[in-house]
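The structure appears right after this line, and notes come after that.
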Amino acid sequence: FAYFYGKPRWVRQAPVVLTYAFSQNNMISYISLNVTRTVFKRAFSRWEQVIPVSFMEIEDYPSADIRIGFYYGHHGDGQPFDGVLGVLAHAFSPENGRFHLDASETWALDFETVKSRVAVDLESVATHEIGHVLGLAHSSVKEAVMYPSLSPRSKKVDLKIDDINGVQALYGSNPNFTFSSLLASEKSSNKG
Amino acid sequence: RILPEYSSTVIAVDAHTTATWHGFTRFLDAGKGSQVSGMSELKKYFSRFGYLPIPDTNNFTDIFDKEFQSAVLAYQTNLGLPVTGELDSDTISTIVSPRCGVSDTKTHNATFHATKH
């Protein structure tokens with residue numbers, strides 16, 4: 001695992017609660033807002049399980065710590081998106097909180113219903129970008145969630161030891177966290 | 001086949017590809033000393049993800065030079081690939097694979113400045 005230069009993290013009084021919100025004007029229409037919320041909640045909860053940080057969705061986008069939106073091409077942050085595949089999303093290091101996904105992608109929740117060859121798993125990318133929001137940079141471990149590339153029609157949502165060690169070194173461990181609890185939740189989510 | 005260091009093997013290629021990054025497959029097996037039309041675009045890719053500083057001239061060349069080889073070596077190390085310094089198939093398939101837009105090295109002017117653990 002790796003950190004951003006200077007090892008930035010969210011510095012808050014415990015219990016650390018970070019708020020997040022969706023940009024109502026910059027969402028994709030073919031996945032409902034409720035379903036998108038469910039996917040992101042699952043992605044956030046994977047990080048919540050391992051560190052003493054919790055996430056709460058709020059309505060007020062401008063005041064949220066983490067601000068999520070889907071954008072095409074140029075979108076005002078100097079890092080334009082590039083159409084189908086290529087760059088999928090990006091997020092900014094702490095305590096910036098911006099979290100952008102490329103609206104040109106074919107975002108998918110599963111690959112049974114979505115048959116496109118260029119379908120990209122929304123939950124995998126969400127889980128990866130949340131790692132950036134927390135302060136993790138890219139990992140060179142291919143199995144890790146924080147590895148930079150993700151093949152179309154592939155899913156990678158379960159945090160690996162590399163991801164966990166990295167984020168726990170930044171925030172400490174969730175007192176309820178054990179590796180066996182992690183394996184149990186992996187099994188249940190895979191069955192789901 | 002050992003190429004003299006500064007001879008250039010010009011590989012005729014079709015420069016028009018539309019899919020994001022898919023066109024980079026044409027640089028397969030290119031190595032130091034080779035010159036391939038459009039390699040400057042691949043160098044922009046490496047620059048975007050933190051492996052190559054933007055030259056003073058603001059223009060990259062199409063020559064696979066020593067500096068670009070260092071960038072390829074750093075990329076291969078960072079992405080957990082075999083470190084060959086060449087655009088082998090593992091490297092090319094990783095380059096064209098969709099990815100996160102965050103730079104692999106958060107300090108642009110250094111080749112490799114994320115703190116690795």
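Proteins get letters first, then strands, A, B, ... in listed order; numbering begins at 1 in each.
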Counting heavy-atom pairs under 4.5 angstrom with chain B, the leader among A/H90, A/H132, A/E129 is A/H132
Could you have a look at B/C100, B/G101, B/G80 and say which one has the most heavy-atom pairs with chain A under 4.5 angstrom?
-> B/C100
Would you say [X] and [Y] are hydrophobically clustered, going by side-chain heavy atoms of ILVMFWY under 4.5 Å?
X     : Y      : result
A/F55 : A/V11  : no
A/L33 : A/I31  : yes
A/F4  : A/F92  : no
A/L88 : A/V114 : no

Could you tell me which non-hydrogen atom of B/T77 sits nearest to which non-hydrogen atom of A/S140, and how far apart they are?
->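 Smallest heavy-atom distance, with atoms named: O-CB, 3.9 Å.
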Indicate the atoms forming the closest heavy-atom contact of B/P98 with A/L85, along with that distance.
-> CG-CD2, 3.7 Å
Roughly how far, to the nearest 0.5 Å, is the CD atom of A/Q79 from the OG atom of B/S103?
-> 8.5 Å
CZ-NE2 distance between B/R99 and A/H128, expressed to the nearest 0.5 angstrom =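 These two atoms lie 8.0 Å from each other.
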Which side chain to side chain donor-acceptor pair (under 3.5 Å) pairs, counting each pair once, include a residue from residues 141-155 of chain A, with sequence neighbours left out?
->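 As it turns out, the side chain to side chain donor-acceptor pair (under 3.5 Å) pairs with a partner in residues 141-155 of chain A, which skip direct neighbours, are A/D121-A/K155.
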Neighbour count >12 (heavy atoms, 6.0 Å) for atom CD1, A/I58 = yes
Whether over 12 other heavy atoms sit under 6.0 Å from A/F111 CZ |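 Counting other residues, nucleotides and ligands, CZ of A/F111 exceeds 12 neighbours.
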Segment of [X] engaging chain B (4.5 angstrom heavy-atom cut-off):
X      : result
A/P8   : neither
A/A169 : neither
A/E105 : neither

I would like to know whether B/V102 and A/H138 meet side chain to side chain contact (heavy atoms under 4.5 Å, CB included); could you show each step before the answer?
-> CA-CA 8 Å; B/V102 173; A/H138 285 145; 3.9 Å; yes
